[in-house]
Amino acid sequence: MEKLFGTFGIRRVVNEILTPDFALKLAYSFGTYINQETVTVGRDARKHSEMIYDAVISGLLACGCQVIELGLTATPTLQWACRQWNTWGAMVTASHNPPQWNGIKFMEKTGKGLDHENDVDVEKIFYSEKYHFVSWKDIPQKTIKRNINDDYIQAIIDKVNLPLIQQSHFRVVVDCANGAPCLITPQLLSDLGCRVVSLNAHPDGRFPGRNPEPTPDNLTDLTTLITHAPFHIGFAQDGDGDRLIVIRPNGEFVSGDYSVSLVANELAQQDLPGPIVTTVATSNMLNEIAQKTGRGFIATAVGDLVVAKALQQNNGIFGCEENGGMIFPDFVWGRDGAIAAARILNIMATKEKSLDDLLKELPQYFQVKMKVPVNPEKKEKILSEIDRLTSAEKNRVTIDGFKVFYPDGSWLLIRPSGTEPLLRIFAESRDEERARAIVQKYLDIINSI
Ligand code: MG
């Protein structure tokens, strides 16, 4: 039986595998699994998202589920709505993937993505085709259509100090990736009193402006533009609005480790309980911030869903990932780029400090992050050699890949990709040369096999 779900929902190339028929059967499976309960459904701005969305709605109705339609919206907005209304969720999106991709993410009634065990239950129904269709009398006659975007924007504003941010008159440039954030983030920033310049801010599933993944290579328009006027900060999002990348006024990309630490540093000082949760791939800055403020620190395997679950289980205060993903448990049980932007402006306004000054206050670490292609035939041999070598180190954890902590505070992480023939090698140290040397040592070993 082929595994249907990835780490969060399914993603496939449209009309190769992800046809309306495939989406319909997946919706029958989810509808059967949740047994006639209500589902909130949304979609991103891809060309074929409406086609898949209509199929999902039909499938859910056939199984007797009442459907609340949000139409075009961001993934965190849908997750917020599920939590407000205590409904299941289905989001049609392929997040940051190229334009030919689409996908479906299912949410629990808290708004968190469906757990892996529940994915497996839905998968079993999909492959057995044991769908539960209700009698014609029990098919809901109408879907309920709601525009939630304004309520969601207001809910974010309620979480920050609006007068202080307004008085700061921030000049902000935001790149919306021609995706779902177009409907959310520019409006939010305007409502916060910012002078907003927006890029790629009309929904267009051809992604004419840039690839929807917010990597440095894809953000050159933004990083160039920001240096041509006196902006305070730049933001970039991915296609479904759960990720946020921060750009400095000089056009430099702020690594996710730093943007999440900036927020963690501020939240950790608040008089609220709960540990900070992040993945093994994130900077030691987070651990340091937790220690300084006397709160717990939890490191999970890589994946936003894993972080969200650990936050729920441990009543965490903040969850984050090294790619800039931030989870605020008092708002949405998943990554949320729009509220992350508002919280960063809130920090700048309340502390009356520039982005650059706030970044300078953080513990300074150097990270080296590499993707190393490996011959699939040699992958097992390479991994067993890395296992052998790292097991000799005193302080090693194997939550996800192999992570070694060295006595000087530096660390190394080597993880095989689950989907591609490559290894991810990360190292961090207070000293740049040391971080490079750690990675080089293992590169040499890998290349010698
Ligand atoms: Mg995304």
Side-chain angles (χ1 to χ4, degrees), residues 5-14 18 41-49 52-53 70 72-82 89-107 111-114 149 152 156 174-185 188 200-201 203-205 207 209-219 222 235-246 256 259-260 279 281-282 302-309 319-328 331-341 418-419:
F5 290 89
T7 47
F8 191 170
I10 67 130
R11 275 184 219 176
R12 299 286 191 280
V13 173
V14 166
L18 183 49
V41 185
R43 61 176 172 84
D44 72 11
R46 284 165 194 270
K47 282 191 78 170
H48 27 69
S49 286
I52 302 297
Y53 174 84
L70 299 186
L72 176 53
T73 198
T75 297
T77 314
L78 176 119
Q79 292 181 279
W80 180 80
C82 290
M91 179 73 189
V92 176
T93 180
S95 186
H96 60 263
N97 283 41
Q100 65 273 30
W101 287 76
N102 216 321
I104 304 169
K105 291 176 173 177
F106 291 118
M107 317 294 173
K112 183 179 78 57
L114 210 60
N149 295 342
Y152 165 79
I156 292 177
V174 58
D175 184 334
C176 302
N178 296 110
C182 298
L183 301 191
I184 309 278
T185 317
L188 167 68
N200 304 317
D204 188 333
F207 299 113
R210 66 165 168 94
N211 179 299
E213 185 167 14
T215 56
D217 287 350
N218 293 333
L219 298 177
L222 171 58
F235 294 122
Q237 293 200 261
D238 70 333
D240 68 333
D242 58 350
R243 287 202 22 218
L244 182 83
I245 292 298
V246 177
S259 57
V260 302
T279 79
T282 314
V302 170
D304 51 328
L305 206 47
V306 188
V307 175
K309 187 167 186 182
C320 57
E321 299 174 298
E322 55 82 32
N323 62 11
M326 300 190 213
I327 306 177
F328 301 91
F331 195 64
V332 165
W333 289 113
R335 299 187 300 203
D336 187 328
I339 192 168
T419 51

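Note that ligands are numbered from 1 as they come in the structure, with each ligand's atoms numbered from 1 the same way. These figures come from a predicted structure and were not determined experimentally.
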Next item on the list: Under the side chain to side chain contact (heavy atoms under 4.5 Å, CB included) rule, what do T7 and L305 come out as? Steps first, then yes or no, please.
Entry: CA-CA 7 Å; T7 47; L305 206 47; over 6 Å; no

Next item on the list: Run the numbers on K105 and R11 for side chain to side chain contact (heavy atoms under 4.5 Å, CB included), then give the verdict.
Entry: CA-CA 9 Å; K105 291 176 173 177; R11 275 184 219 176; 4.0 Å; yes

Margin query: Please evaluate residues R243 and N323 with respect to the criterion side chain to side chain contact (heavy atoms under 4.5 Å, CB included), reporting the C-alpha separation (whole Å), side-chain torsions for both, the decisive distance (0.1 Å), and the verdict.
Written below: CA-CA 8 Å; R243 287 202 22 218; N323 62 11; 3.9 Å; yes

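Counting just the N/O/S atoms of D240, the one with the shortest distance to the Mg ion (ligand 1) is named OD1.
For S95, the nearest N, O or S atom to the Mg ion (ligand 1) falls under 2.8 Å.
A salt bridge is defined here as a Lys NZ or Arg NE, NH1 or NH2 lying under 4.0 Å from an Asp or Glu carboxylate O, and D242 with R335 meets this definition.
Expressed to the nearest 10°, the angle at the Mg ion (ligand 1) joining OD2 in D238 with OD1 in D242 is 90°.
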